[in-house]
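This report refers to the structure that appears directly beneath it.
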Number of protein chains: 2
Amino acid sequence: MPAPSAAAQSTKERILGAAEELFARHGFEGASLRQLTSAAGVNLAAVNYHFGSKDRLVEEVFRRRLDQLNGHRSTALAKVAGLPETTIEDVLAAFIVPALELSHDAGGQLFMRVLVRAFAEDDDTLRKFLSDNYRHVMRMFTSEFARLLPHLTKEEVYWRVDLVTGALIHAMSGIGMIQRRSDVTEHEHRELTAEHLISFSAAGLMAR
Amino acid sequence: MPAPSAAAQSTKERILGAAEELFARHGFEGASLRQLTSAAGVNLAAVNYHFGSKDRLVEEVFRRRLDQLNGHRSTALAKVAGLPETTIEDVLAAFIVPALELSHDAGGQLFMRVLVRAFAEDDDTLRKFLSDNYRHVMRMFTSEFARLLPHLTKEEVYWRVDLVTGALIHAMSGIGMIQRRSDVTEHEHRELTAEHLISFSAAGLMAR
DNA sequence: GTCTATATGGCGATAGAC
DNA sequence: GTCTATCGCCATATAGAC
């Protein structure tokens, strides 16, 4: 295993980065291995050598980001879950901020567009893979929201958390009307997004 | 022009229906004209004869549904816009219910998945086409929301309407955690969805 | 208006040299 | 671990018969 270097990425990492970008822009079927390996500056045969197939490359693109996202969300939630003074806003921040921080990395926002595509895809293998990698942390959040919203039925909590997820994905993927203004830095835009999402979602979750 | 008949659809209509379904399930690049014409029961060459190209077929799939959606939304909004007794919930209903009614048609929910894909697509021609067909009605809604939320800046209104749009698209495309239960009819599910969306979104829009 | 046949080119995957 | 060359297949689009 070569030591990580700031100057040079491994072939695997270059492929993963290019795959994330091209899958976001053109879809899983729309982005070809030829475009992808050309963008990454590696040989066409490298994808099959390092990942086995295009489908397994798709899964690796998800695994890398979802592991990171799930880890940060779990850590953030653990700091507030079960405490008597915890607010809805605290739990929402644990849900939303790690997702927004994912876009610190250059590929983060692109990854959100990949995720949007994956949800729309009619591919049971991919859906099962995502569910297996996503369900556990989502369940921890819905439990905590349910604790803080005792006047709601479980079903109402599911509905509202799902609507928050929709708003979050939409905002993060940058596909809506709201685009970062040129006089706002990326960092400021992320903070603005978090503020709007949290106040909007908190009010929506707490609706009578 | 042949008279419309309940028993037989025209070749054009059969192609549009099959295209909507296959574009939803497999994406624009993932669905081939061979799959599509085979599913529609028409000859491979029929797409190019009736639509000119695959790209123009994609646009026709959007035009058909967006014309309908924009029409119903405009009509519903005109009934409440500018009236002193109009509530946020009234305007939200004009925004949300026509979108949900679109899924009366068999292809409606599938079309929402097509729309999700289109937003993620990196295709300026398609984005411009959608913007041209969508912007006008969206502007009428944001104006009316702004009138009813005078304590918010214009920018805050844009943000919140965008978040409502994200929640709506997510709920309508059926890609989230919330799926229709087998003991609930489609009609009941649609009414439930509208209720949850409206109460959640109204609270979110009105957040202090 | 619908068909068959085909032109032209890109696709994922792999074999085998280095 | 990276390369070239290639296999076998499918894509969109069109020409021309009926």
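Since we're looking at a predicted model, the values are computed, not measured. By convention in this document, chain letters (A, B, ...) are assigned in the order of the sequence lines, proteins followed by strands, and residues within each chain are numbered from 1.
- Rounded to an integer number of Å, the gap from A:L22 CG to C:dG10 P is 17 Å.
- OP1 or OP2 of C:dT4 sits under 4.0 Å from a side-chain N or O of B:N43.
- Between B:R56 atom CZ and D:dA13 atom C1' the separation is 15 Å, expressed in whole Å.
- Ion pairing between A:E20 and A:R64 holds under the 4.0 Å rule for side-chain N and carboxylate O.
- Within a 6.0 Å sphere centred on NZ of B:K12, heavy atoms belonging to other residues, nucleotides or ligands number 12 at most.
- A distance of 12.0 Å separates OG of B:S38 from CG of B:L33, quoted to the nearest 0.5 Å.
- Salt bridge status for A:E60 with A:R63: present, with a side-chain N to carboxylate O gap under 4.0 Å.
- Residues that satisfy the salt bridge (Lys or Arg N to Asp or Glu O under 4.0 Å) test with B:R139, not counting sequence neighbours, are absent from this structure.
- Taking atom NE2 of residue B:H50 and atom C1' of nucleotide D:dT14, one finds them 16 Å apart after rounding to whole Å.
- Residues passing the salt bridge (Lys or Arg N to Asp or Glu O under 4.0 Å) test with B:E144 are B:R147, sequence neighbours excluded.
- Between D:dG1 and A:T11, no contact under 4.0 Å exists linking OP1 or OP2 to a side-chain N or O.
- Residue pairs meeting the side chain to side chain donor-acceptor pair (under 3.5 Å) criterion with at least one partner in residues 158-167 of chain A, sequence neighbours excluded, are A:D162-B:H170.
- Pairs passing the side chain to side chain donor-acceptor pair (under 3.5 Å) check and including a residue from residues 118-127 of chain B, sequence neighbours excluded, read A:R117-B:E121.
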With B for base contact, S for sugar-phosphate-only contact and - for none (protein heavy atoms under 4.0 Å), nucleotides 11-18 of chain C reads BBBB----
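- Between its opening and closing five pairs, the helix from C:dG1-D:dC18 to C:dC18-D:dG1 changes axis direction by 0°, a value rounded to 10 degrees.
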